[in-house]
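Notes to accompany the following structure.
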Amino acid sequence: MLKTAKTVFRFQSRMLSTFQTLKVTSPKEYVKQVELNRPDRLNAFNKTMWIEIGKCFNELAVDSECRSIVLSGSGKHFTAGIDLLDMMDMGQKLSEMSDVSRKAKLFDDFIELYQKSITSLELCPKPIIVCTHSAVVGAGVDLITAADIRYCTKDSWFCVKEVDIGMAADVGTLQRLPKAIGSQSLVRELCFTARKMLSEEAEKCGLVSKVFEDRNAMIEEAIKLADTIAQKSPVAVQATKRNIVYSLDHTNQEGLDQIREINKLNLQSEDFFNAVIAGQTKGETPVFSKL
Ligand SMILES: CC/C=C\C=C\CC(=O)SCCNC(=O)CCNC(=O)[C@H](O)C(C)(C)COP(=O)(O)OP(=O)(O)OC[C@H]1O[C@@H](n2cnc3c(N)ncnc32)[C@H](O)[C@@H]1OP(=O)(O)O
C-alpha cells in the first residue's frame with residue numbers, strides 16, 4: 001500500500017507541465033527556477049500567462065522534487081504588467097454584450113481567475129524568492145508581493161500603475177503591499193499616484209531585502225539562497241511558510257493555535273528526530289528525504 005502511494009508521488013513529481021509563457025528549469029537539486037518568458041511583449045500578463053502562473057505554482061506546491069523556487073523575468077524588463085492588448089480584446093467582447101449582469105459575470109470570472117493566479121504563490125508552501133530587474137509594473141507588483149523574499153537589481157523600479165489606467169488594483173497589491181512595506185503612508189502615496197519607486201527606496205522601505213549590481217549576480221545569489229533552503233528539512237520549512245502566511249491575517253493566538261496543530265504531527269517526523277540527534281552528537285547535517 002505504502003509502495004503504491006510512493007510510486008504515485010514519484011509519478012506526480014515528473015508531471016510538471018510545459019508552458020507557453022513560463023520557462024521552468026532546475027538549477028540545483030530541489031530548486032526550481034520559474035521565468036516569466038514573453039520577452040518580446042515585456043513579459044506582459046496575457047490570459048495564458050495568468051492561467052499558467054496558477055497552474056505552475058499549484059503543481060510546484062505538490063512536487064516533491066521542489067523545495068524552493070526562484071522567480072525571475074526574461075528580457076529587458078521583469079514585467080510591463082497586464083497585457084493591454086489582451087485588455088482591448090476583452091473590451092471588444094464586452095461591447096458585443098448588452099446585459100449588465102452578464103457583463104458583470106464576465107468581469108467577476110476573470111478577476112477571480114487572475115486573483116487565484118497570484119494567490120497560488122502564497123498558497124504554495126515552498127519559499128519563493130522573486131528577482132526583479134528594470135520595470136515591475138501593475139500586475140508585477142501584485143505578483144512580487146505574494147512571494148516570500150524579494151531581491152532586485154539596481155536598475156529595478158516599481159509602479160502601482162493601476163490608477164493611471166483608471167482602475168483600482170484588484171489582484172493583491174492593496175492587500176499585500178501594506179504588509180510588505182509596513183508604512184501605510186508610503187503605500188497609499190504609491191497606490192494613489194502611480195509614481196515610480198526606485199530600487200534604493202524599495203530597499204529602504206523593506207519591499208526588497210537586497211539590491212544587486214546586475215541580474216546575473218542577483219540570480220546567482222538567489223539560487224544559492226534557494227539551495228540553502230532546499231537543504232533544510234522540507235517538513236520544517238513548509239510548516240514555517242504556512243504559519244507565517246496564516247499569521248499575517250490572524251491574531252497571535254490563532255497563529256499559535258495553528259502551529260501547535262501542525263507541530264503536534266511534525267515533531268513526530270524523522271526530520272525532527274534526525275536533526276536533534278545530529279545537533280546533540282555534533283554529527284553531520286542530516287540529508288532530509290523527499291516530502
Ligand atoms: C483584473 C485585472 C488584473 C490585473 C491588472 C493589472 C493592472 C496593470 O498591470 S496596470 C499596468 C499596465 N501596464 C502599463 O501601463 C505599462 C505600459 N508600458 C510601459 O509603460 C512601458 O512599455 C515600459 C514597461 C515602461 C517599458 O518601456 P520601454 O522599455 O521603453 O518599452 P516600450 O517601447 O514602451 O514597449 C515595447 C513594446 O511593448 C509593448 N508594451 C509595453 N507594455 C505593454 C503592456 N502592458 N501590454 C502590451 N504591450 C505592451 C509596447 O506597446 C511596445 O510594443 P511595440 O509593438 O514594439 O510598439
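Both counts, for ligands and for their atoms, begin at 1 and track the order of listing. As the structure is a computational prediction, the values presented were derived from the model and not from experiment.
Selection from A194, A80, G81, A44 by nearest heavy atom to atom 14 (C) of ligand 1 gives A80. Heavy-atom proximity to atom 45 (N) of ligand 1, evaluated over I165, D83, N43, I82, is greatest for I82.
The distance criterion of under 3.5 Å between nitrogen or oxygen atoms is not met by G138 with respect to ligand 1. Close N/O approach between H77 and ligand 1 is found [any backbone or side-chain N/O within under 3.5 Å]. The shortest N or O to N or O distance between V137 and ligand 1 is not under 3.5 Å. Considering backbone and side-chain atoms together, K76 places an N or O closer than 3.5 Å to an N or O of ligand 1.
Looking from atom 7 (C) of ligand 1 to the surrounding protein, the closest heavy atom is E162 OE2, 3.5 Å. In terms of protein heavy-atom proximity, atom 46 (N) of ligand 1 is closest to L84 N, 2.9 Å. The protein non-hydrogen atom at the shortest distance from atom 3 (C) of ligand 1 is D170 OD1, 3.6 Å. Here the protein heavy atom with the shortest distance to atom 54 (P) of ligand 1 is R41 NH1, 4.4 Å. Taking atom 36 (C) of ligand 1 as the reference point, the nearest protein heavy-atom neighbour is L42 CD1, 3.8 Å.
Below 4.0 Å from some heavy atom of Y114 lie the following atoms of ligand 1, by number and element: 1 (C), 3 (C).
Minimum interatomic distance between S72 and F78 (heavy atoms only, all atoms of both residues): C-CE1, 3.7 Å. In terms of heavy-atom proximity, I128 sits nearest to L71 at CG2-CB, 4.1 Å.
Few gaps surround CG on D109; more than 12 heavy atoms of other groups in view lie less than 6.0 Å from it. The environment of Q184 atom CD is dense: over 12 non-hydrogen atoms of other residues, nucleotides or ligands sit within 6.0 angstrom. Counting non-hydrogen atoms of other residues, nucleotides and ligands closer than 6.0 Å to NZ of K204 gives a total of 12 or fewer.
The backbone N or O of T21 lies less than 3.5 Å from no partner atom in the side chain of N37, so there is not a single donor-acceptor pair. Not one N or O on the side chain of S247 forms a donor-acceptor pair closer than 3.5 Å with the backbone of I244. K154 places no side-chain N or O within donor-acceptor distance of the main-chain N or O of S199, the cut-off being under 3.5 Å.
Less than 4.0 angstrom separates atom 18 (N) of ligand 1 from none of the non-hydrogen atoms of the protein. Shown here, atom 38 (O) of ligand 1 is in close reach of the protein: a heavy atom of it lies under 4.0 Å off. At a distance under 4.0 Å, a protein heavy atom can be found next to atom 9 (O) of ligand 1. For atom 34 (O) of ligand 1, the protein comes within 4.0 Å by no heavy atom at all. For atom 50 (C) of ligand 1, the nearest protein heavy atom is 4.0 Å or more away. For atom 41 (C) of ligand 1, the nearest protein heavy atom is under 4.0 Å away.
With respect to the salt-bridge test (charged N to carboxylate O, under 4.0 angstrom), the residues R215 and E221 do not qualify.
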If you apply the rule side chain to side chain donor-acceptor pair (under 3.5 Å), what do you find for K32 with T25, and how did you get there? CA-CA 6 Å; K32 300 286 177 195; T25 51; over 6 Å; no
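Just one residue in the list T132, L42, D155 forms a side chain to side chain contact (heavy atoms under 4.5 Å, CB included) with H77, and that residue is L42. No option in I181, L177, L207 other than I181 meets the side chain to side chain contact (heavy atoms under 4.5 Å, CB included) test with L186.
Distances shorter than 4.0 angstrom occur between a heavy atom of F110 and an atom of ligand 1. Within the 4.0 Å heavy-atom shell around ligand 1 one finds W157. For the pair W50 and ligand 1, a heavy-atom separation below 4.0 Å is found.
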Could you tabulate the donor-acceptor pairs under 3.5 Å formed by side-chain atoms of residues 225-237, not counting sequence neighbours?
{"from": "D227", "atom 1": "OD1", "to": "Q231", "atom 2": "NE2", "distance (Å)": "3.3"}
{"from": "D227", "atom 1": "OD2", "to": "Q231", "atom 2": "NE2", "distance (Å)": "3.2"}
{"from": "T228", "atom 1": "OG1", "to": "K224", "atom 2": "O", "distance (Å)": "3.0"}
{"from": "S233", "atom 1": "OG", "to": "V235", "atom 2": "N", "distance (Å)": "3.2"}
{"from": "S233", "atom 1": "OG", "to": "A236", "atom 2": "N", "distance (Å)": "2.9"}
{"from": "S233", "atom 1": "OG", "to": "D271", "atom 2": "OD2", "distance (Å)": "2.7"}

